[in-house]
Amino acid sequence: MQSEEPTASTDRKACVSLYSISLILHHSYVGRGWIEMTLASRRQIPVFFLVVSLVAMLCQPMSARSLPLAIDEYQGPYLDEVQLNWFSGEEAIDALMNNEIDLIANPTTTEAAAALEHAEDIETVRHLQNGKGYMVINCEKYPFNITAFRRALAFAVDKERIAADAWEGWAEPLDSLIPTTNPFSVEGDLDYSYYDANIERAEMLLDGAEFLDVDDDGFRETPDENALHVLIEVPESSSTLIEVGEIIAEGLSAVHINATLRPTDFYEYLTRYYFCGDFDLIFLSRTFSSLDVSWLAYEYWPEYVEDPCALPLWRNQSYDSWREQLLYSLDYQEVYEAAIKMQEVWVYESPEIVLYQRILPYAHRTDRFSGFVDEPLDSIGGWWTCLRTHLTRSGHGVLGGTLRVGLPHTTPQFNIMIAAGAASYDFPYLHLMYDSLLRRGPDGNGLSWLAESYVVETHDDDRSVAEGTTRFTFDIRTDVTWTDGSRLTASDIVAALNFYRVSPGNPLGEGMSHVYAAYTLSSSRLVVDVNQVSYWGRYAFCLKPILPQSLLEDLEPEDWVDWDPQPPEERMITSGPFNVSAVESEYLSLSHNPDCFTRKSFVPPEIKSPPDAIITAGSTNRTISWNCTDSDPFSYAVFRNGSLMAQNEWTGGVIEISLDDLEVGVHNFTCVVEDEVGLISSDTVWVRVESVDSTTGVRPPPEWLLPLGPVSLGITAIALAIIIVFGSAIVKNRQVL
């Protein structure tokens with residue numbers, strides 16, 4: 001058993017079963033009566049066909065399969081409802097196994113994960129935690145203040161073995177101080193790593209720095225030929241971390257360093273670390289609650305190490321040279337460059353030996369839903385899973401269904417301002433009810449949300465902007481509404497931001513001390529002024545959930561904690577993908593918001609209709625071509641006179657069928673296309689096949705023309721040509737006008 005560390009697509013074929021379509025089209029066929037139908041009325045046939053065909057498709061027995069959806073950040077939710085069920089521990093595992101829930105939103109134990117891996121219709125997700133386990137090196141102490149010695153220690157440690165053996169595969173090696181899951185991490189991009197024990201390289205570094213065995217006792221001495229001893233301290237309460245310490249000690253012994261492992265009370269050595277006590281190597285772990293890496297500029301800044309007891313105990317001019325760019329550039333690429341350069345210096349200098357990044361097991365069922373998103377902070381239990389999860393295709397698309405989520409029992413808190421400051425599992429789900437200017441995307445990078453675009457200006461860009469400040473001007477979406485039908489405007493956003501920043505103790509005001517003004521320029525444009533110049537300034541306010549102005553006008557800033565909504569009896573005015581629909585003692589239900597702007601993005605395939613046609617019997621190489629487009633194409637089917645003649649996967653583009661070997665008469669051809677979501681479009685083309693005289697090979701004239709003589713026929717033909725030419729010109733001119 002592992003002990004916890006202490007912590008400060010499947011291939012598919014188109015299987016569209018549309019028997020009902022043949023019945024509809026069969027009864028739509030009216031023989032020669034087609035001539036009397038207008039083009040508009042003929043195009044209305046697919047509308048009736050669409051409704052009935054959807055009903056028929058619901059009845060088709062088809063195997064459930066998980067289908068990948070094209071990445072579209074602004075599309076969803078696919079679900080009808082998210083139901084939060086109160087389970088914890090073994091109860092949640094049993095509920096998942098018994099098909100009472102579809103997802104456990106918090107990590108399971110590794111023991112439970114091992115059992116679930118063999119369960120039918122259950123998948124275990126191995127989520128890399130946004131954190132690290134590491135050994136702090138006392139860089140103020142000789143010889144740990146020598147870079148070559150610290151690097152040799154790092155090369156001697158077998159991180160792969162620590163991850164595989166001590167953590168039984170529930171960890172991955174890590175070199176950088178920023179975890180792999182963070183978009184700013186340099187992990188994997190360096191031309192070397194400390195993952196495997198590289199004894200040869202470690203010994204080369206030690207020899208080059210004159211750490212030699214001068215007395216032939218089997219252990220190296222310091223360059224001044226004094227005895228060298230390294231004390232490794234790990235928490236005595238963790239058998240896993242004791243094994244980690246043993247692997248480190250073995251690695252140091254392999255390069256002839258006299259190393260001793262001493263399991264110690266964690267808080268005892270932590271006190272020494274914080275209050276200038278003595279140590280060599282001590283184990284710590286850290287979990288990050290956000291993806292902000294501006295802390296790189298503070299934790300190793302010389303200003304903090306002038307006091308001999310201040311932390312950390314390492315300084316480097318090359319590292320510090322990138323600090324200004326990291327903190328005070330407004331450009332993402334410049335900030336990214338600074339973060340990467342600082343990590344490159346840090347990993348080379350090895351002021352700490354970062355050992356691993358934990359793997360946390362999450363579990364979900366696979367028989368009803370797919371599309372679970374393993375995002376950096378909340379894994380599959382977060383916001384994006386609720387937006388992206390969809391029914392596995394069962395013959396009628398992927399829209400609908402209730403995702404049943406297991407959570408530890410809690411009393412729901414619907415005041416998001418209170419929940420933001422509490423260790424509450426409700427908080428990620430309350431975010432489903434509200435929107436913000438920006439949002440963290442599934443990969444952790446910033447994504448425009450309510451803001452369609454924004455401009456960042458300083459005094460150098462516009463003299464009206466005060467020196468040392470930044471002006472953010474946002475143009476927001478105009479298609480976002482509150483659930484009461486009113487439009488979400490710039491005034492709502494400004495009212496919310498100003499309310500948070502002046503509300504005493506409001507958790508949503510945290511980090512907004514640099515925001516000194518927020519105001520509107522129009523209903524879709526607002527300005528936020530920040531009294532600093534920094535890329536990170538926008539994240540002080542851009543991720544805040546926006547509450548409606550109508551609510552905040554009736555609430556004094558100091559009374560923010562008194563807002564106590566009681567849904568569903570008291571309808572909450574929200575804008576996000578979901579809203580509260582039921583509150584019971586056993587569960588909480590959130591139903592999708594049909595007017596959410598991301599929900600409106602479901603658009604059926606587009607079909608460009610070809611013209612109806614008249615052909616001669618026996619004609620060859622004649623075809624009908626439908627040009628069909630969709631962001632997520634799935635399948636197509638073509639019917640002739642109500643009978644299926646072709647069906648296949650549809651990957652987008654032209655669908656073409658041959659008109660060869662048609663019998664004399666009137667035929668209707670209907671093309672039906674379906675996308676991944678299950679939305680269907682169709683188009684019907686009518687083709688008349690006329691006979692050819694078997695003796696002369698000439699198409700006989702219509703019966704009503706036979707009484708006319710050759711002269712009359714010639715005059716009639718000329719007249720018809722004039723009408724066609726001038727008539728088409730008139731139509732075109734009218735279209736232009």
Salt-bridge present (E352, R286; N to O < 4.0 Å)
no
Sorted by chain and number, sequence neighbours left out, salt bridge (charged side-chain N to carboxylate O under 4.0 Å, His left out) with R150 holds for E349
Run the salt bridge (charged side-chain N to carboxylate O under 4.0 Å, His left out) test against E375 and tell me which residues pass, sequence neighbours left out.
none
Qualifying salt bridge (Lys or Arg N to Asp or Glu O under 4.0 Å) pairs, either residue in residues 156-167, two or more places apart:
K159-D175, R161-D165, R161-E250
Taking salt bridge (Lys or Arg N to Asp or Glu O under 4.0 Å) as the cut-off, I'd like each qualifying pair that reaches into residues 178-194, sequence neighbours left out, listed once.
none
Partners of R151 by side chain to side chain donor-acceptor pair (under 3.5 Å), sequence neighbours excluded?
Y194
Taking only residues two or more places apart in sequence, or in another chain, which ones meet [X] in a side chain to side chain contact (heavy atoms under 4.5 Å, CB included)?
X	result
T181	L128, N130, P179, Q357, P376
L96	I101, I104, L116, I122, A363, R365
E324	Y328
P442	E73, V373, W384, R388

Not counting sequence neighbours, which residues clear ring pair (Phe, Tyr, Trp, His ring centres under 6.0 Å) with Y195? List them please.
none
Who pairs with F144 by ring pair (Phe, Tyr, Trp, His ring centres under 6.0 Å), at least two apart in sequence or on another chain?
F149
Pairwise distance CG(L228) to CG(L212) - rounded to 0.5 angstrom:
11.5 Å
If the plane angle is over 60° it's perpendicular, under 30° parallel, otherwise tilted; pick one for [X] and [Y].
X	Y	answer
F184	Y535	perpendicular
F372	H364	parallel
F266	Y269	perpendicular

Pairs where residues 219-228 contributes a residue and the test side chain to side chain donor-acceptor pair (under 3.5 Å) is met, not counting sequence neighbours:
D207-R220, T222-D224, D224-N226
Mark yes or no for whether S350, through its side chain, and V347, through its backbone, hold a donor-acceptor pair below 3.5 Å.
yes
